[in-house]
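Worksheet: the structure to be examined is printed underneath.
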Amino acid sequence: MELFGEYARAFLCGGVLCLIGQVLIDRTKLTPARILVTYVVAGVALGGLGLYKYIAQFGGAGATVPLTGFGWLLSKGVARAVAEQGVLGALTGGVTAAAGGITAAVFFGLVVALLFKPKSKS
């Protein structure tokens, strides 16, 4: 039963994040790219304020997998690197913390590009 509760909280948290994104698409003139950037910046801001950890504790993967979770990961990496390296850590910490995700995205993007041929939209 505990596993069901964990899945339900992840579904709820991820669903709320998707709902907010859909409302922004439907009700504003923001482009999808701006909405994605807004999500990352919101994750960084909430992480910097120390609030996103509570969302992640509640929602689990429903909070850490979306773009807000990526922003939170960046803020955690920067905070850790600044504590260890000083000001230089502000430039390197985020990329270091997110290196695994960035590498996976580039690798799988390459694999898909090599396996499939693009087709025109017409």
Side-chain angles (χ1 to χ4, degrees):
M1 193 64 179
E2 184 178 320
L3 186 62
F4 175 76
E6 185 176 334
Y7 287 158
R9 288 190 311 274
F11 182 79
L12 177 67
C13 188
V16 167
L17 290 170
C18 289
L19 175 69
I20 293 168
Q22 191 64 49
V23 168
L24 289 173
I25 289 170
D26 292 344
R27 304 283 184 194
T28 68
K29 292 184 180 186
L30 290 172
T31 62
R34 289 181 187 223
I35 294 170
L36 295 176
V37 169
T38 301
Y39 268 96
V40 173
V41 171
V44 169
L46 291 171
L49 295 172
L51 301 175
Y52 204 82
K53 65 181 174 186
Y54 300 112
I55 298 170
Q57 286 172 352
F58 172 78
T64 58
V65 172
L67 285 171
T68 50
F70 179 70
W72 178 50
L73 179 65
L74 291 174
S75 70
K76 282 188 351 181
V78 167
R80 185 178 311 121
V82 167
E84 294 172 359
Q85 302 170 356
V87 177
L88 183 61
L91 301 174
T92 61
V95 176
T96 302
I102 294 169
T103 303
V106 171
F107 174 75
F108 288 116
L110 174 65
V111 169
V112 170
L114 293 174
L115 292 177
F116 299 99
K117 291 185 179 184
K119 296 178 184 173
S120 66
K121 293 184 179 182
S122 57

Problem - Single-linkage hydrophobic cluster L49~L17, side-chain heavy atoms < 4.5 angstrom - result: yes
Problem - Spatial distance of atom CZ (R80) from atom CD (Q85) [nearest 0.5 Å] - result: 11.0 Å
Fill in the blank from the handout: For A56 and T64 the tightest heavy-atom approach is CB-CG2, 4.0 Å
Handout entry: Point-to-point distance, once rounded to the nearest 0.5 Å, from OG1 of T68 to CG of L36
Key = 11.5 Å
Problem - Considering all heavy atoms, the nearest P66-A61 contact - result: CD-O, 3.7 Å
Practice task
Consider only side-chain heavy atoms of I, L, V, M, F, W and Y, link residues closer than 4.5 Å, and tell whether V44 and I20 are in one cluster.
Solution key: yes
Fill in the blank from the handout: d(Q57 CD, R9 CZ) to nearest 0.5 Å is 11.0 Å
Fill in the blank from the handout: Taken to the nearest 0.5 Å, the spacing of L19 CG from Q22 CD works out to 8.5 Å
Completion exercise
A81 and G93 have their tightest heavy-atom pair at CB-CA, 3.5 Å
Practice task
May I ask whether Y52 and V16 are part of the same hydrophobic cluster, defined by side-chain heavy atoms of I, L, V, M, F, W, Y residues being less than 4.5 angstrom apart, directly or through others?
Solution key: yes
Exercise for the section: Please examine the side chains of I55 and L46, heavy atoms only from C-beta on, and report whether any two atoms are closer than 4.5 Å. Expected result: yes
Problem - Hydrophobic cluster identity match, L115 and F108, side-chain contacts under 4.5 Å - result: yes
Exercise for the section: Please name the pair of heavy atoms, one in G59 and one in C13, separated by the smallest distance, quoted to 0.1 Å. Expected result: CA-CB, 3.8 Å
Practice task
Taking all heavy atoms of A97 and all of G77, pick out the closest pair and write down the distance.
Solution key: CB-CA, 3.5 Å
Problem - In one Ile/Leu/Val/Met/Phe/Trp/Tyr side-chain cluster, 4.5 Å: I35, W72 - result: yes
Handout entry: Test side chain to side chain contact (heavy atoms under 4.5 Å, CB included) applied to A98 - qualifying residues, sequence neighbours left out
Key = F70, L73, L74, I102
Problem - Heavy-atom side-chain proximity of L88 to L91 below 4.5 angstrom - result: yes
